[in-house]
Amino acid sequence: MNKYRSHTCNGLRKKNVKSKVFLSGWINKKRDHGNLLFIDLRDNYGITQCIIDKENKNFKDLEKIQLETVIKVKGKVVNRSNETINKDIDTGEIEVSIENFIILGTCKELPMPIFSDQEYAEEIRLKYRYLDLRRKKIHENIILRSKVISFIRSEMNNLGFLEFQTPILTSSSPEGARDFLVPSRLNPGKFYALPQAPQQFKQLIMVSGFDKYFQIAPCFRDEDARADRSPGEFYQLDLEMSFVEQEDVFEVVEKLLVKTFKKFSNKKLISDKFPKITYKDALLKYGSDKPDLRNPLIINDITEVFSRDDVSFEIFKKLVKSGSKVRCIVTKNTKDKPRSFFDNIDKWAKDQGASGLAYFTIEKDKEILAKGPVGKFFSKESLEEIMKKTKAKVGDSVFLACSKQKDLEKITSIARDKIARDLNLIDENVFAFCWVVDYPMFEIDEQTKKIKFSHNPFSMPQGNIEKLNFEKPLDMLAFQYDIVCNGVELSSGAIRNHIPELMYKLFSIAGYDNKQVDEKFSGMINALSYGAPPHGGIAPGIDRIIMLLANEKNIREVTMFPMNQNAQDLMMNAPSDVSEKQLKELNLSLKLKK
RNA sequence: GGGGGUGUAGCUCAGUUGGUUAGAGCGAUCGCCUGUCACGCGAUAGGUCGAGGGUUCGAGUCCCUUCACUCCCGCCA
């Protein structure tokens, strides 16, 4: 090929035996027999075993060489005898008998081993990311990421979408996450913001008449990290389409995701057509707007049962009178589970800050009865009503929680997950997608008690626009949707509001007057008044798609150069101090909090 | 901003109710070994037990403060 190599480290096979070759790569592993030395040479493509014995004048030098040194070896491909074939590597039928070698890159003592399945502290992995990235698992994750992105690009092209770049330096917006700010030198005292998403730009692209747009877009949000959330930056497959309804967007995304997940994972999709669940139903049945549909357990509301006179569960009855609700999770055929199974779940719920999970098991002697600590509070008839409401059968158990709606949703949601895991009900080898639809347009801010946009201020409200009831904004639904896979929120999108007057109206409900809207969204609102097409889109999170495909729980495992939890790049030392001169040019001075 | 976990050799970890000189594997260095593929065998070096303070005759171990990393809550239209 060139002066460094005739083949890659995965290029040689039996048919190459007897040919003279040269390979370059890293010394992955040495096995030194004193008079015979094996060297596993590694590059991006694979590993080739190289061998040298003491008859060769280079033997002593190679024996002393450090692991991870980059060398070029020249030698002859030889057959391995049957007993010495290594089936674990592609090149395992042959080896290269080294004639001579040169060092291309020396290596100091390593801060961490490369050839090892050990887990290391995050700190050292991030500081020496270029070493960490040599390791098999993460190296393959990053390659997967590249392949998935390039596949998505080509599929989007096939579907008729055009890829455009949008600005990285843009303006700060009042809604949403905290912005990253960039001071402007030419405009003293003013700041750019990095885009939280190309939301307004992609709508402007539609107004500009381009019909279908996509971009693998970097998004920047200055919020605290989580295992599945990088601090700072992440990537979305941002897309937008003109003259579409919700179903048109769904069709494109389903096609794309089904193809992508089938191509890059062995896990089965539960269904190629993603079921739709309303936001309201999701919160009732799963306690969450990102339900894991691999989990067969369903939450039922049985508040009404607690107003019956033949139910004597006084604690719950009292709470229900003061506005709490009762919801339950039924587990199939668990009457013979040991007491510890139930008590563990109750104890776990208490650890989660709930008042615990009451439970009973439905049994039948002569007639239906409930066994367990709270079983005695329920009459036969009340149990039959619960069975009817929840489809529970004799032999099933019922876990009960009672609380105000928000807390109840929270505890039943995590209890649903916990119980399913304890009972081993979740099939780890499938992908279960769903759409969550019909998000409310507005919600009450818990802190300020004021009305705010529940999702995206640019979403189109549902229903006949002429007849919208602005008096009851909390009842207003939006053409706003999320896509969820295995309990992971992959993306959200919406049909946009392209009507300026309606936009002003909705913003006024959220507490912005026309002047503020004009100031903050001048580009958008102006554009919409010069002939805007109806349009909508969505933005699936690339990093989370790769996490699902790579079966990783942490986003750093699919990110090449991630920051740590405190948004620091330990390898590049970012963020860092800047010079007085730089600050002066920007008209900035620092005033640090103590 | 709050809560949990972790911190002992270059790396991964063990270290008992507080008690002699803090250990192991990998790695490093040196020696032996011609068919290994996590090669094997022997030896040597390597420690501010995250940091600071306290209790005690005596602290890796108990108490307080603090730092770093990580997970979670808040936050993330």
Side-chain angles (χ1 to χ4, degrees), chain A residues 28-42 47-56 59 63-64 66-68 78 80-89 91-92 95 97 107-128 131-132 173-179 196-197 199-200 219-232 234 351-353 410 414 439 441-443 445-447 452-459 478 480 482 489 492-494 506-507 510 520-521 539 541 553-554 556 563-566 568 570 593:
Chain A
N28 194 55
K29 193 74 192 165
K30 287 193 301 184
R31 289 174 296 281
D32 188 353
H33 291 234
N35 293 312
L36 178 72
L37 172 66
F38 296 96
I39 288 180
D40 290 339
L41 199 65
R42 181 196 77 239
I47 285 179
T48 302
Q49 175 167 284
C50 304
I51 184 167
I52 188 167
D53 71 17
K54 68 170 180 200
E55 303 304 318
N56 189 300
F59 182 79
E63 221 182 2
K64 286 198 162 46
Q66 288 268 8
L67 293 183
E68 293 304 312
V78 296
R80 291 209 210 177
S81 64
N82 279 339
E83 321 82 73
T84 61
I85 285 175
N86 182 353
K87 290 195 177 102
D88 296 334
I89 55 175
T91 59
E95 61 198 8
S97 172
C107 181
K108 296 197 287 190
E109 188 177 343
L110 294 162
M112 58 189 268
I114 308 296
F115 178 63
S116 163
D117 292 330
Q118 261 174 26
E119 308 250 356
Y120 315 115
E122 206 73 35
E123 202 172 353
I124 198 149
R125 293 185 59 193
L126 294 181
K127 183 168 179 193
Y128 298 97
L131 296 181
D132 191 37
S173 76
E175 288 283 318
R178 198 176 288 113
D179 283 319
Q196 295 181 23
Q199 178 64 37
Q200 293 190 58
C219 304
F220 305 90
R221 296 177 191 175
D222 188 4
E223 297 292 352
D224 290 352
R226 289 287 184 278
D228 63 349
R229 207 166 81 199
S230 294
F234 62 98
D351 289 344
Q352 300 303 307
K410 202 167 182 179
I414 55 177
Y439 274 79
M441 190 79 210
F442 298 102
E443 65 186 14
D445 188 310
E446 291 291 317
Q447 278 147 24
K452 63 169 189 177
F453 289 109
S454 77
H455 233 84
N456 184 321
F458 305 120
S459 298
Q480 169 81 47
D482 271 21
E489 185 189 329
S492 59
L506 295 171
F507 265 102
K520 290 297 180 188
F521 305 102
K553 295 253 177 305
N554 195 299
R556 290 185 296 271
M563 296 198 283
N564 72 6
Q565 193 172 41
N566 296 321
Q568 297 160 337
L570 300 176
K593 270 188 269 182

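Residue numbering restarts at 1 for every chain, and letters A, B, ... go by the order of the sequence lines. Below, all heavy atoms of this structure are taken into account, side chains as well, without hydrogens, waters or symmetry copies. Predicted model, so just to flag it, every value in this text is computed and none were measured.
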Say you pick atom C1' in B:rG27 and the same atom in B:rG46; how far apart are they, in whole Å?
11 Å
Tell me the partner of B:rC39, counting only Watson-Crick (N1-N3 plus N6-O4 or O6-N4) or G-U wobble (N1-O2 and O6-N3) with both under 3.5 Å; none if nothing fits.
none
Straight-line distance of A:S459 OG to A:Y439 OH, nearest 0.5 Å:
11.0 Å
Please report the distance separating the C1' of B:rU61 from the corresponding atom of B:rU16, rounded so that it comes out in whole Å.
10 Å
Give me the distance, rounded to whole Å, that separates B:rG25 from B:rC72 when you measure between the P atoms they each carry.
36 Å
Min side-chain heavy-atom separation A:L506-A:F453 under 4.5 Å
yes
One character per nucleotide, please: for nucleotides 69-76 of chain B, 5' to 3', B when the base has a protein heavy atom closer than 4.0 Å, S when only the sugar-phosphate does, - otherwise.
SBBSBBBB
Distance, C1' atom - from B:rC13 to B:rG60, rounded to whole angstrom:
14 Å
Spacing between A:Y120 atom OH and B:rC26 atom P, to the nearest angstrom:
14 Å
Nearest-Å distance, CG (A:D132) to C1' (B:rC11)?
13 Å
salt_bridge(A:D40, A:R31) N-O dist < 4.0 Å
yes
Is there a Watson-Crick or G-U wobble partner for B:rU66 with both distances under 3.5 Å, and which nucleotide is it?
B:rG50
Which of parallel (below 30°), tilted (30 to 60°) and perpendicular (above 60°) describes A:F521 and A:F458?
perpendicular
So what does A:P457 touch, heavy atoms closer than 4.0 Å: a base, only the sugar-phosphate, or nothing?
base
Nucleotide by nucleotide, 5' to 3', does protein get under 4.0 Å of the base (B), only the sugar-phosphate (S), or neither (-) in nucleotides 36-46 of chain B, counting heavy atoms?
BBSB-------
In the structure I gave you, are the side-chain heavy atoms of A:N456 and A:Q199 within less than 4.5 Å of one another anywhere?
yes
Across every strand shown, the nucleotide meeting Watson-Crick or G-U wobble geometry with B:rU20 (both distances under 3.5 Å) is none
B:rA24 to B:rA14 separation - P atoms, rounded to the nearest Å
16 Å
Residue pair A:Q565 / A:E122, side-chain heavy-atom distance below 4.5 Å
no
Interatomic distance, A:I124 CD1 vs B:rC13 P [rounded to whole Å]:
12 Å
Could you check how far CD of A:E63 sits from P of B:rC33, rounded to whole Å?
10 Å
Spacing of A:N28 atom CG relative to B:rG27 atom C1', expressed in whole Å
14 Å
Side chain to side chain, A:L131 and A:P111, heavy atoms closer than 4.5 Å
yes
B:rU21 and B:rG47, which share atom name C1', separated by this distance in whole Å
13 Å
Kindly compute the distance separating NZ (A:K30) from CZ (A:F38), expressed to the nearest 0.5 Å.
14.0 Å
Less than 4.5 Å apart, side chain to side chain, heavy atoms only: is that true for A:K452 and A:E443?
yes
Integer-rounded Å distance: B:rG35 C1' and A:K54 NZ:
15 Å
Between A:D53 and A:F458, the residue closer to the 5' end of RNA chain B by nearest nucleotide is A:D53
Assign A:I51 to base, sugar-phosphate, or nothing according to its heavy-atom contacts below 4.0 angstrom with the strands shown.
base
Measuring only the C1' atom in each nucleotide, how far is B:rG53 from B:rA59? A whole number of Å is fine.
13 Å
Taken to the nearest whole Å, CD/A:E109 to P/B:rG27 is 11 Å
Integer-rounded Å distance: B:rA68 P and A:K127 NZ:
15 Å
Do A:N564 and A:E123 get their side chains close enough for a donor-acceptor pair, meaning under 3.5 Å?
no
Checking base pairs now: Watson-Crick or wobble, both atom distances under 3.5 Å. What partners B:rA14?
none
Integer angstrom distance from the P of B:rA45 to that of B:rC39
26 Å
Any salt bridge between A:E68 and A:K108, counting N to O under 4.0 Å?
no
